[in-house]
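Nothing fancy with the numbering, it's 1 onward along the sequence. Both counts, for ligands and for their atoms, begin at 1 and track the order of listing.
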Amino acid sequence: MKTKEIIKRARELSEPFRISKGKNFRLKDVDPDDTLDFTKADKARSKEALASGVEALAQLQDKLYAQDKWAVLLIFQAMDAAGKDGAIKHVMSGINPQGCQVYSFKSPSADDLDHDYLWRCMKCLPNRGHIGIFNRSYYEEVLVVRVHPAFLAKQKLPPELIGKNIWEGRFEDMRNFEQYLARNGIIVRKFFLHVSKKEQKQRFLDRIDDPLKNWKFSSNDASERDYWDDYMKAYEEMIQETSTKYAPWYVVPADNKWFTRVIVASAVIETLDSLDLAYPEVDESKLKELAAAKKKLLS
Ligand code: ATP
Ligand code: MG
């Protein structure tokens, strides 16, 4: 496939999952097992699509880096075992590591808790010309922290600031923060990898049964399943409240890893393509400099 076709296809594939306006979003409308027009037997075809997508991505990233104007921040959120790590690994496999930064946000440290919650994420924002990846992010502040109020209690917030509007306030701050980033040329795209409770169970069982995957399993992940419905409610409201034109969510079906990867790659391609990236033009004096250098090298 030619690059132009790949980009067109990427737009078609990612568009159905992009939420730019959250008001009417309902999580139940997204089937975690959805594979669009790919049948399950099409896994091979999807691998091809991913491979050509990864190549197109590499070309776009090269221009992003050379142009040194825009930055792209990709945020990944999901329940455990939804495939965040695999999606990041596969989609970014072709790109130049020099232009990419990945950060994982786990439980906050004592130093983190001594600051506002955006602080640790702000320190990790991508440089211009770079793609930054957040594996989890400040969105945990309206997910795990909302589901487990004990985390909020540890945040050392002045008690008078913890009212019933705290989540609404956080949504507003996140929208404003992302608007600020957009106004600074930092393009934010957010991915919720939507796995079903049934498929998650299967993946946990695989992690328990396969010695090579044992390290990935934590019993805490399994006990979080008791809070599944609370998490889904929190995710749904987060998407409703923080989907914007300048920082949309992609709600990506995640029961089939091969499909998830194709959609994430497509969304990133579509995003980079929308930036009108171009190699910097060389001016008259630079052309003279090049000609002089060539002459010297050939003499
Ligand atoms: P993953 O499951 O994403 O591959 P991991 O299992 O390697 O990552 P964990 O050690 O599980 O990493 O750390 C992630 C944990 O940290 C998650 O349970 C997440 O909810 C939690 N976490 C992240 N941010 C916060 C936060 N701000 N407050 C409390 N817990 C948080
Ligand atoms: Mg985990």
Hey, is E241 close enough to R175 for a salt bridge, meaning N to O under 4.0 Å?
-> yes
How about F177 and Y138: are their ring centres within less than 6.0 Å of each other?
-> yes
Numbered in order shown, the ligand 1 atoms found under 4.0 Å of a heavy atom of E141 are 27 (N)
With hydrophobic residues grouped by side-chain heavy-atom distances under 4.5 Å, do V145 and M79 end up in a single group?
-> yes
Going by the atom numbers of ligand 1, which of them fall below 4.0 Å from some non-hydrogen atom of K84?
-> 1 (P), 3 (O)
Pair E199 + R203, salt bridge at N-O below 4.0 Å | yes
Does NZ or CZ of K123 come closer than 6.0 Å to the centre of the six-membered ring of W119, within 45° of the ring's axis?
-> yes
Electrostatic pair D255:K198 at N-O distance under 4.0 angstrom = no
Taking both backbone and side-chain atoms of N220, is any N or O found less than 3.5 Å from an N or O belonging to ligand 1?
-> no
Return a yes/no value for Q155: is any of its N or O atoms, backbone included, closer than 3.5 angstrom to an N or O of ligand 1?
-> no
Closest to atom 19 (C) of ligand 1 (judged by heavy-atom distance), picking from M79, Q77, K216, E140 = E140
Which ligand 1 atoms, with their elements, are less than 4.0 angstrom from a heavy-atom of V144?
-> 20 (O), 29 (C), 30 (N), 31 (C)
With backbone taken as N, CA, C and O and side chain as the heavy atoms from C-beta onward, which portion of D85 lies under 4.0 Å from ligand 1: side chain, backbone, both, or neither?
-> side chain
Verify whether the ring centers belonging to F134 and F76 lie closer than 6.0 Å.
-> no
Distance only, no hydrogens: is a donor on one side chain within 3.5 Å (strictly under) of an acceptor on the other, for E224 and H148?
-> yes
Any heavy atom of R120 sitting closer than 4.0 Å to ligand 1?
-> yes
Per atom 5 (P) of ligand 1, closest listed option by heavy atom (E224, K106, H148) | K106
Going by the 4.0 angstrom heavy-atom rule, the piece of V145 near ligand 1 is side chain
For ligand 1, which part of Y117 has a heavy atom less than 4.0 Å away: the side chain, the backbone, both, or neither?
-> neither
